[in-house]
Engineer: 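Sending over a structure as structure tokens; questions will come in a sec.
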Amino acid sequence: MSEEDPYLWLEEVTGEAALTWVRERNGETVSELASDPGFKVLESGIREVLDDDGRIPYTRRRGRHLYNFWQDADHVRGLWRRTTLEEYRKDRPDWEPVLDLDALAEAEGEKWAWAGSAVLAPDHRHALVMLSRDGADACVVREFDLVEREFVAGGFEVAEAKTRIGWIDRDLVWIGTDFGPGSMSPSGYPLQVRRWRRGTPLAEAELVYEGRPTDLSASGWHDDTPGFERDFVHRQIDFWQGELLLLPGDGRVDPAAGPEKIDVPDDASASVHREWLLVSPKSPWLGHAAGSLLAFDFEAFRAGGREAAVLFAPDEHTALAGWSWTRHHLILTTSADVSSRLEILTPGPGPDGWTRTPLAGVPPLSTASVVGTDPDVSDEFFLNVSGHLQPSTLYRGTAPAGADETVKQGPALFDTAGLAVRQHFARSADGTRVPYFLVGPEDRTGPGPTLLYGYGGFEVSMVPGYSAVTGRAWLARGGTYVVAGIRGGHEYGPRWHKAALGANRVRAYEDFAAVARDLIARDVTTPAQLGIEGGSNGGLLMGAMLTRDPELFGAVVAHVPLLDMLRFHKLLAGASWIAEYGDPDDPADRPHLERISPYHQVRTDGPAYPPLLLLTSTRDDRVHPGHARKMAARLRESGHPVLFHEHLGGGHAGATDHGQTAFNEALVHTFLWERLTPQK
């Protein structure tokens, strides 16, 4: 036990005393929130929408098959399956099972969760399957035969670690994993890039590149585009700076010179596709604005040429949201005041030779995203469109003609009659205009229960989207739902994110408080009826609101939160976030981190704190569960109202199956509804 921190023992993730404390707190929370029959009704309704078989099964094309990972009441841990486009077009496709995680978990006595796969093109027979124990970021890797539908005996296999792995060819992979002391960064990610040959011991894999001990990570990958085969290394210096490195054609790196660094700014996003280098700088570069998207001829750029085609230039209201290649075209996604706009761009000779065609059919106040292309083979693409009250629609198209085929329509899983979506803007403390979406009763004549959600960090944008859980558990009961696009996100590009970095993190908190005050001023709600919710970095936001502006809120929910900002860098992956928040060991950063650290700002004088619900997971190996545990303990000691619940599994998502998710959501919405709509 530390004299400065009496709850340091709660950081012992699986310590006996810590887990005993967790079980006691879980029992209190379940007793208070889950004992009422209404809880079971709510939980059942949420589980119903999560398991609904009308949900769109999103796929990834691999050769002639479309692959999907699916969970429902019969496949709790999930089923990896595939079908053909012809079948997929049907209302009820015929799916071929590939890997049943429920059967695997039962056979091996492990709570396996799906963590993804890498499939070797062009034959699409061999896969590297990643499996997580109960939702952790760390996973095991096993080679899988997609024809025989079984794991390959004696194939590539890697023990549990935060591994990076990808195919080079049938007998070679790029691998970064835990090779022992010095091979992993302080954040727990690989620093070594090795070439591993089939049939040889992993420990003897050839070391090709090694990052510096202070780096965040390093990874290698093979570009198998026919005619453009290349190998790259990405050195991640910190969360926001990195280097793109090209390996020689034979893969043999001169130890003195190292691989060739592609000469773009360390804070830029850069990728290579066929003959094109795409760069999105986060600071002004070559006379172009931060947040632009530039296209260079890759070989000309390597030779010193800097003539760029400007594919996108931001303005005050518009930001770059992403891009996807098809065989001959680029689909560009932008965000105009947090609503999607899409164009199809066609490369042409010279920087002025690119042409563009708007992609029609995206309604206002909605989000559109490309969810699948096969850029080595065709111009096919799938496009998903949804809004807060608009179930997802999946379109299929061919560039540049557009998305003219409706492939799937998501079900309407809650009643939207009488509900409306509006966008408003609040004025923050420094005058900044902050966007937010308001979803609720169209004809409400006075204030009512309102749930405000936010994140505010790591370039994550809060965009419109259909949430059947929110609809069923909150909107359908008469609540109003609000999503705030505060600084720290990417709603308006790099400037929006950088405005809340480091010592400026308080701008995000001022923005969120401004949205809360705007809701109260508009008579949407009152402080007693206003609840707030966020997770991870958004959980830090919740803790900041609790300790900075407690008088604004009637209830607070924080999922898998960061809360101890003076020790976050010592806990699990926390060191990777120093570039976002600052370094507690740096005297220049420590004062502002202490000011924004909810754990250190808990006080017993001043306004009373609103009730708080903290949720975390023992298996979260990204944000340490000690953050939530210690905060709950300190608040309890100080006499503040707090409930705590920790799933023993679930990882950073807090749940690995629909049952866990439904239980968590029922806890949250029972807690909020009871506290924001007190019985008279």
Engineer: Can you name the residues that form a side-chain contact (heavy atoms from CB on, under 4.5 Å) with Thr59, not counting sequence neighbours?
Structural biologist: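 So Thr59 forms a side-chain contact (heavy atoms from CB on, under 4.5 Å) with Leu66, Asn68, Tyr88, Trp95.
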
Engineer: Output yes when a side-chain donor or acceptor of Arg230 lies under 3.5 Å from a complementary backbone atom of Arg274, and no otherwise.
Structural biologist: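 Yes, because the side chain of Arg230 sits within donor-acceptor range (under 3.5 Å) of the backbone of Arg274.
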
Engineer: I want to check something: taking the side chain as every heavy atom from C-beta on, are Leu146 and Tyr67 in contact at a cut-off of under 4.5 Å?
Structural biologist: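 Result yes, sub-4.5 Å side-chain heavy-atom pair found.
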
Engineer: Ring pair (Phe, Tyr, Trp, His ring centres under 6.0 Å): which pairs involve residues 327-381, sequence neighbours left out?
Structural biologist: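 As it turns out, the ring pair (Phe, Tyr, Trp, His ring centres under 6.0 Å) pairs with a partner in residues 327-381, which skip direct neighbours, are Trp276-Trp354.
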
Engineer: Phe232 vs Phe298 aromatic rings, parallel, tilted or perpendicular, using cut-offs 30° and 60°?
Structural biologist: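 Ring orientation of Phe232 relative to Phe298: tilted.
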
Engineer: Quick check: Phe69 with Trp114 (ring centres under 6.0 Å apart)?
Structural biologist: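 That pair passes the under 6.0 Å test.
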
Engineer: Any ring pair (Phe, Tyr, Trp, His ring centres under 6.0 Å) involving residues 358-378? Give me the pairs, sequence neighbours left out, ordered by first then second residue.
Structural biologist: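 Sorted pair list comes back empty.
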
Engineer: Should Arg61 and Asp374 count as an ion pair when the cut-off is N to O under 4.0 Å?
Structural biologist: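 Not counted as a salt bridge, because no side-chain N and carboxylate O are separated by less than 4.0 Å.
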
Engineer: Just grab all the ring pair (Phe, Tyr, Trp, His ring centres under 6.0 Å) pairs involving residues 479-501, residues at least two apart or on different chains.
Structural biologist: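 Ring pair (Phe, Tyr, Trp, His ring centres under 6.0 Å) check on residues 479-501 returns Trp240-His497, Tyr492-Trp496.
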
Engineer: Any salt bridge (Lys or Arg N to Asp or Glu O under 4.0 Å) pairs touching residues 382-403, not counting sequence neighbours?
Structural biologist: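 Qualifying pairs: Glu380-Arg396, Arg396-Glu405.
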
Engineer: Report the residues that fulfil side-chain contact (heavy atoms from CB on, under 4.5 Å) with Ser283, sequence neighbours left out, ordered by chain and then residue number.
Structural biologist: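 With neighbours one apart ignored, the set is Asp267, Lys498.
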
Engineer: Does some side-chain heavy atom of Trp80 sit less than 4.5 Å from a side-chain heavy atom of Trp70?
Structural biologist: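 No. Closest side-chain heavy atoms not under 4.5 Å.
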
Engineer: Run through Glu87, Arg149, His124 and flag the one making a side chain to side chain contact (heavy atoms under 4.5 Å, CB included) with Arg82.
Structural biologist: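 Output: one option passes, namely Arg149.
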
Engineer: For Ala368, does its backbone N or O pair with a side-chain atom of Ser340 as donor and acceptor, under 3.5 Å?
Structural biologist: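 Checked: pair present.
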
Engineer: Quick one: ring-ring contact (aromatic ring centres under 6.0 Å, His included) partners of Phe144, sequence neighbours excluded?
Structural biologist: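 Counting only residues at least two positions away or on another chain, Phe144 forms a ring-ring contact (aromatic ring centres under 6.0 Å, His included) with Phe151.
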
Engineer: Is it true that a side-chain atom of Lys408 and a backbone atom of Ser392 form a donor plus acceptor pair closer than 3.5 Å?
Structural biologist: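 Checked: no pair found.
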
Engineer: Contact between Leu332 and Leu342 at the side-chain level, heavy atoms closer than 4.5 Å - yes or no?
Structural biologist: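 They are not in side-chain contact.
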
Engineer: Once side-chain contact (heavy atoms from CB on, under 4.5 Å) is applied, do any residues pair with Glu307, and if so which ones, sequence neighbours excluded?
Structural biologist: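 For Glu307 the side-chain contact (heavy atoms from CB on, under 4.5 Å) partners, ignoring immediate neighbours, are Pro351.
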
Engineer: CG of Leu311 to CG of Leu345: how many Å apart, nearest 0.5 Å?
Structural biologist: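 So the gap between those two atoms works out to 5.5 Å.
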
Engineer: side-chain contact (heavy atoms from CB on, under 4.5 Å) with Asn504: which residues, sequence neighbours excluded?
Structural biologist: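 Asn504 satisfies side-chain contact (heavy atoms from CB on, under 4.5 Å) with Arg507 once adjacent residues are dropped.
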
Engineer: Using only atom types and a distance under 3.5 Å, with no angle test, would you say the side chain of Arg306 pairs donor to acceptor with the backbone of Phe301?
Structural biologist: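 Confirmed, Arg306 side chain pairs with Phe301 backbone.
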
Engineer: Between CZ of Arg62 and CZ of Arg64, what distance do you get to the nearest 0.5 Å?
Structural biologist: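 So the gap between those two atoms works out to 15.5 Å.
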
Engineer: Please tell me whether Phe512 and Tyr453 form a close aromatic pair, meaning their ring centres lie under 6.0 Å apart.
Structural biologist: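 Judged by ring-centre distance (under 6.0 Å), Phe512 and Tyr453 do not meet the cut-off.
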
Engineer: Provide the full list of side chain to side chain donor-acceptor pair (under 3.5 Å) pairs with a residue in residues 467-476, sequence neighbours left out, each pair given once.
Structural biologist: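 Residue pairs passing side chain to side chain donor-acceptor pair (under 3.5 Å), neighbours aside: Glu48-Arg472, Ser467-Thr470.
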
Engineer: Using a cut-off of 6.0 Å, state whether more than 12 heavy atoms not belonging to Arg422 lie near its atom CZ.
Structural biologist: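 Yes, the 6.0 Å shell around CZ holds more than 12 heavy atoms from other groups.
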
Engineer: Going by side chain to side chain donor-acceptor pair (under 3.5 Å), name the pairs with one or both residues in residues 215-229, residues two or more places apart or in two chains.
Structural biologist: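 For residues 215-229: Asp215-Arg235, His222-Asp231, Asp223-Thr225, Thr225-Asp376.
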
Engineer: So, using salt bridge (charged side-chain N to carboxylate O under 4.0 Å, His left out) as the criterion, who are the partners of Glu299 when residues are at least two apart?
Structural biologist: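 Partners of Glu299 by the salt bridge (charged side-chain N to carboxylate O under 4.0 Å, His left out) criterion, ordered by chain and then number, come out as Arg302.
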
Engineer: Salt bridge or not for Lys282 and Asp266, using N-O below 4.0 Å?
Structural biologist: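 No, this pair does not count.
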
